[in-house]
Amino acid sequence: MSWGFMRSSAWKFLQSPRYNRSRVEYAAPNIFFDEVQDAMSSADDSTSAEEDLDSLVLFGMMKGSVVGLRYYAGVVNNNEMVALQREPNNPYDRNAVKVNNVNGEQVGHIKKELAAALSPVMDRKLVKIEGAVPYGAHNVFTMPVTLSFWGREENKTTVLDHLKKHGFRLETGPKGFGKSFSSAAGSSLSSSLPAVQLTLEQLKSEFDKLFEDLKEDDKTQELEPARSVQTKLLPHQKQALSWMVSRENSQELPPFWEERNGFYYNTLTNFAEKERPESVRGGILADDMGLGKTLSTIALILTNFHDGKPLTTLTSGKQKTNTAESQGQCGETRGSDNSQAATGTSRKRQKPRKGKSDPQDSEEEEWLPRKTKSSSSCGFVDDDQFAMALAGASPAVKKKSNKKSAGKTKAQSQSKCDGKLPRPTLIICPLSVMSNWIDQFEQHVRAEVDLNIYVYYGPERSKDSNTLSQQDVVLTTYSTVTHDYGNNSPLHKIKWLRVVLDEGHTIRNPNALQTKAVHSLDAVRRWVLTGTPIQNSLKDLWSILSFLKLKPFTEREWWHRTIQRPVTTGEEAGLRRLQALIKSITLRRTKTTKVKGKLLLQLPERKVYMQYIKLSTEEREIYESVQNEGKAVIGRYFNEGTIMTHYADVLALLVRLRQLCCHPHLVSSTLSSSSIAANSTPDELREKLVNKIKLVLSSGSDEECAICLDSLNIPVITHCAHVFCKPCICQVIHSEKPNAKCPLCRSEIRLEHLLECPEEEMDPSARKDQKWVSSSKVDALMSALMEQRNKDPRVKSIVVSQFTSFLSLIETALRESGFMFTRLDGSMTQKKRTEAIQSFQSSSVDSPTIMLLSLKAGGVGLNLTAASRLFLMDPVSRIHSERIF
DNA sequence: ACCGCCGGGTGCC
DNA sequence: ACCGCCGGGTGCC
């Protein structure tokens with residue numbers, strides 16, 4: 001049993017498109033009957049051709065023609081891919097089908113007889129039609145196009161029959177069409193003629209390999225951070241910095257683009273244009289957890305602060321260097337805006353400004369990045385950039401910079417110094433790691449550096465664009481970005497110098513509002529930090545590539561046709577492309593990666609002890625009685641064949657048993673393990689639902705909502721006993737009405753049936769009627785802690801459980817034995833969390849030696865290096881233990 | 001001639 | 001479009 005089921009079904013549900021069922025009236029002169037509407041009314045919406053692109057099969061292909069080229073600016077090359085788009089509001093023909101090139105520019109229309117045949121099946125989403133133009137060049141009035149028809153297997157005959165009525169037939173075999181088609185861009189017949197088809201296993205292992213062994217030279221150069229970074233970087237962090245700086249200042253064409261006789265040519269789609277595609281000024285930093293993605297990013301922000309120059313404490317306009325001219329143009333000034341300090345949650349560094357009295361000196365000696373390796377032959381940072389960064393460092397380098405800047409090309413000076421580069425970097429992270437960012441800025445940035453950081457979070461956040469655009473760093477959460485989206489938010493109005501997505505895989509769902517909200521941010525440089533680059537499948541990668549503005553992948557069709565489908569159908573070219581793509585935009589190191597023969601991090605050896613605790617007789621009796629009752633209930637479901645609709649009950653039972661292993665009081669006696677029967681009276685049902693939601697909320701500490709995959713916000717329970725955020729489920733009910741179904745089990749759900757959790761304490765340790773008693777497991781923990789304290793009273797430990805109520809019980813035991821402790825769980829505000837971490841990390845004598853940590857709240861990105869022991873209190877399966885250790 | 005044929009005008013949907 | 005189609009002009013050989 002895994003939560004995977006729950007998640008995937010919710011996702012599928014969320015991803016299924018919902019069409020507008022109302023017919024549109026057209027004032028078109030040539031209205032005629034659409035026989036398909038009736039013939040196909042049985043086709044269910046859920047079987048649409050856009051639901052899951054991977055499950056589509058090729059129905060066949062045909063030739064058609066594109067007409068009206070005269071009237072449109074879009075041009076097409078030989079073998080170029082084109083997209084077909086319905087144009088139902090065309091005043092001359094409501095069946096019109098536009099043909100667009102890869103850039104989205106219209107090329108022409110599908111000839112009207114063919115369009116009349118295509119439009120009904122396109123509108124009903126029974127088929128997705130892709131086009132490729134075998135001979136695109138030099139056509140004046142019309143051009144040929146080969147169309148591939150993709151859809152769900154069950155819709156194939158409907159589509160073929162329909163086309164037949166209009167006198168069109170699809171070619172299916174390789175005969176006749178095969179050769180010309182498979183040579184046309186992206187239109188291979190691979191699904192009917194599997195090429196070197198890889199098995200799922202092989203494919204998976206290829207994925208795993210994708211990110212390994214990326215040890216190319218351009219990724220092993222090192223760069224010293226700006227002086228404003230006070231932490232000494234490890235070699236691999238200097239490599240990350242070097243790579244990131246060079247990517248931000250890159251003039252390279254994006255992957256799969258070439259310059260060919262004055263045009264920029266995309267080798268995947270065969271699209272060409274005069275305009276140079278934007279370089280990808282960013283990428284994916286996919287280092288394993290713990291390798292310092294945060295530090296590397298902070299170093300990047302300070303080192304490539306503006307125009308390839310590091311952050312200084314001074315106004316650069318006063319600089320008398322060889323690059324003064326360009327800096328003057330850029331007009332980037334620092335430290336002159338103290339009056340604009342952010343208010344509210346903003347944080348401004350206070351510092352003793354020694355050295356400020358003599359700007360000239362400190363400028364020249366202090367605020368310069370240095371290279372580890374001798375600079376002359378290194379090409380990892382654009383030489384010109386480097387020269388600017390080094391300006392004034394030494395006479396020798398000055399000369400070099402002089403020479404270089406004199407020889408600057410127009411493109412270079414424009415990109416680096418058009419004076420319009422915005423100032424702030426936006427960092428978006430899950431709330432749980434926000435404090436980590438704040439801490440790390442605090443820790444790694446020199447105290448005297450004047451860096452404005454604004455935490456854009458909470459109801460007090462400033463709605464003023466000016467306030468934000470004058471910051472150096474704005475920190476916010478995914479939820480905030482999503483919430484602000486479409487609400488005239490300053491986040492979406494400002495042009496950012498840089499947007500950094502921390503735990504970037506959170507935008508993997510292409511249809512989630514959160515993903516759209518993040519995609520719509522405007523930035524010059526874009527970064528994705530993640531420890532899990534391709535988590536579930538290739539699909540995850542699309543939203544990241546789209547965020548990075550990687551042409552032409554911002555449109556899902558091109559991503560799917562050029563990479564995703566070729567890879568999933570096992571075409572060799574697909575995997576090759578994917579590898580090339582990932583290699584060019586990703587830096588990934590794991591804990592086992594070596595630099596110069598050494599592991600990146602030398603951590604003390606980790607020792608894992610499993611201690612099995614024997615339950616007391618009384619505990620065992622309770623356990624067995626619940627277990628037996630549960631077995632009976634589940635057996636009944638099983639016999640009825642309703643296991644799947646009752647899986648929430650099954651999970652709840654398992655949770656209860658796990659709780660009983662920790663402490664009997666975790667399972668409230670009022671919570672009967674009997675299930676929610678369909679024939680309950682309303683009052684009984686209500687009571688059971690309330691008990692159920694209480695159980696869910698108290699058991700998992702920081703339970704997720706299956707719709708937003710985030711922590712539950714105003715949890716409500718449905719009649720079918722599933723718990724969601726109230727706003728999430730309300731939105732589902734609203735958009736699905738009048739027949740809304742539960743995203744998890746497809747039962748009918750109604751707004752008026754939702755139940756909120758009544759306001760009352762749910763913490764068993766706070767219940768007055770229950771006297772404090774220990775449990776076998778608590779006893780075992782306490783004796784281990786006390787033994788440890790006797791040996792060395794300064795040793796710090798973390799005690800982890802997914803059950804916050806268990807942590808509360810442990811609190812009592814800790815107090816009894818006189819331990820100093822602190823606590824971190826999902827219910828705490830950001831401020832409280834920060835305090836908890838800081839007090840625990842502190843080395844002062846009154847600092848707590850124990851932290852009680854809820855599993856979910858401590859999930860990612862916490863730095864709790866003060867501890868040397870960790871007690872995992874929950875029963876663990878093998879799967880769990882692998883994830884944790 | 002209620003035709004054929006000619007040649008000019010014209011051209012997506 | 002070096003096409004097709006339209007509709008006006010035209011009409012034995």
Side-chain angles (χ1 to χ4, degrees), chain A residues 19-20 22-40 49-50 59-151 159 162-170 180 184-185 187 269-274 555 557-558 561:
Chain A
Y19 325 120
N20 187 354
S22 62
R23 296 275 307 266
V24 184
E25 300 295 330
Y26 300 100
N30 56 344
I31 289 180
F32 61 90
F33 234 151
D34 191 342
E35 79 282 12
V36 187
Q37 293 287 347
D38 298 322
M40 293 170 180
E50 284 178 7
F59 292 168
M61 305 176 115
M62 67 183 280
K63 283 182 180 164
S65 41
V66 185
V67 296
L69 307 188
R70 265 278 139 103
Y71 305 94
Y72 306 99
V75 288
V76 180
N77 267 309
N78 289 347
N79 290 319
E80 184 171 332
M81 293 182 175
V82 290
L84 269 62
Q85 187 191 8
R86 277 283 286 124
E87 194 187 14
N89 292 324
N90 185 299
Y92 302 96
D93 181 0
R94 69 181 182 111
N95 293 314
V97 176
K98 290 206 288 181
V99 177
N100 303 330
N101 68 15
V102 176
N103 233 12
E105 297 151 343
Q106 186 171 359
V107 174
H109 278 106
I110 291 291
K111 206 167 155 54
K112 63 175 180 295
E113 294 80 7
L114 181 53
L118 301 186
S119 64
V121 276
M122 288 176 81
D123 291 346
R124 295 244 82 200
K125 316 268 183 203
L126 296 174
V127 69
K128 172 97 186 71
I129 307 172
E130 298 180 351
V133 175
Y135 307 105
H138 311 302
N139 293 302
V140 190
F141 304 103
T142 67
M143 64 168 82
V145 61
T146 54
L147 304 174
S148 331
F149 291 66
W150 299 83
V159 170
H162 169 74
L163 291 175
K164 208 172 180 178
K165 275 188 212 155
H166 287 258
F168 296 103
R169 207 165 57 85
L170 296 188
S180 60
S187 308
T269 58
N270 297 320
F271 173 78
E273 65 178 332
K274 202 80 190 154
E555 276 299 318
E557 176 170 353
W558 308 123
R561 286 177 67 173

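Throughout, protein chains are lettered first and strands after them, A, B, ... in sequence-line order, and every chain is numbered starting at 1. Quick caveat, the model's predicted, so the values are computed rather than measured.
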Between C/dG4 (P) and A/K111 (NZ): distance, integer Å | 11 Å

Searching all strands shown, indicate the nucleotide that pairs with B/dG11 (Watson-Crick or G-U wobble; both distances under 3.5 Å).
-> C/dC3

When the P atoms of C/dC5 and C/dT10 are considered, how many whole Å apart are they?
-> 25 Å

Test A/I110 against every option in A/V67, A/N95, A/V97 by the side-chain contact (heavy atoms from CB on, under 4.5 Å) rule and name the one that passes.
-> A/V97

Under 4.0 Å between a side-chain N or O of A/K112 and OP1 or OP2 of B/dC13?
-> yes

If you measure from the ring centre of A/Y71 to the centre of the six-membered ring in the base of B/dC12, is it under 5.5 Å, with the planes under 30° apart?
-> yes

What distance, rounded to whole Å, do you find between the two C1' atoms, one in C/dG8 and one in C/dC13?
-> 25 Å

Provide, to the nearest angstrom, the distance between the CG atom belonging to A/N89 and the C1' atom belonging to B/dC12.
-> 17 Å

Atom CG of A/N100 and atom P of B/dC12 are separated, to the nearest Å, by 18 Å

Of A/N100, A/V99, A/I129, which meets side-chain contact (heavy atoms from CB on, under 4.5 Å) against A/Q85?
-> A/N100

Does the base of B/dC12 carry an N or O that pairs as donor and acceptor with the side chain of A/Y72 under 3.5 Å?
-> yes

What is the distance, rounded to the nearest whole Å, between atom CD of A/Q106 and atom C1' of B/dC13?
-> 9 Å

NA contact type, A/K98, heavy-atom cut-off 4.0 Å: base, sugar-phosphate, or nothing?
-> nothing

Out of C/dA1, B/dC13, B/dG11, which nucleotide sits closest to the side chain of A/F141?
-> C/dA1

Do side-chain atoms of A/Q106 reach the backbone of A/G108 as a donor and acceptor pair under 3.5 angstrom?
-> yes

Rounded off to whole Å, could you give me the CD-to-C1' distance for the A/E113 and B/dC12 pair?
-> 11 Å

Once you round it to whole Å, what is the distance between P of B/dC12 and CG of A/N139?
-> 16 Å

P-based separation of C/dG4 from C/dG9 [nearest Å] | 26 Å

C1' atoms of B/dC6 and B/dA1, separation to the nearest Å | 15 Å

Within the side chain of A/N90, is there an N or O that forms a donor-acceptor pair under 3.5 Å with the backbone of A/A96?
-> no

For A/L69, answer base if it contacts any base atom (sugar-phosphate contacts may also be present), sugar-phosphate if it contacts only those atoms, and nothing otherwise; contact means non-hydrogen atoms under 4.0 Å.
-> nothing

Separation of atom OH in A/Y92 from atom P in B/dG11, rounded to whole Å | 12 Å

Would you kindly check whether a donor in the side chain of A/N90 faces an acceptor in the base of B/dC13, or vice versa, at under 3.5 angstrom?
-> yes

Measure from CG on A/L84 to P on B/dC13 and round the result to the nearest Å.
-> 14 Å

Any side-chain heavy atom of A/L114 sitting closer than 4.5 Å to one from A/M62?
-> yes

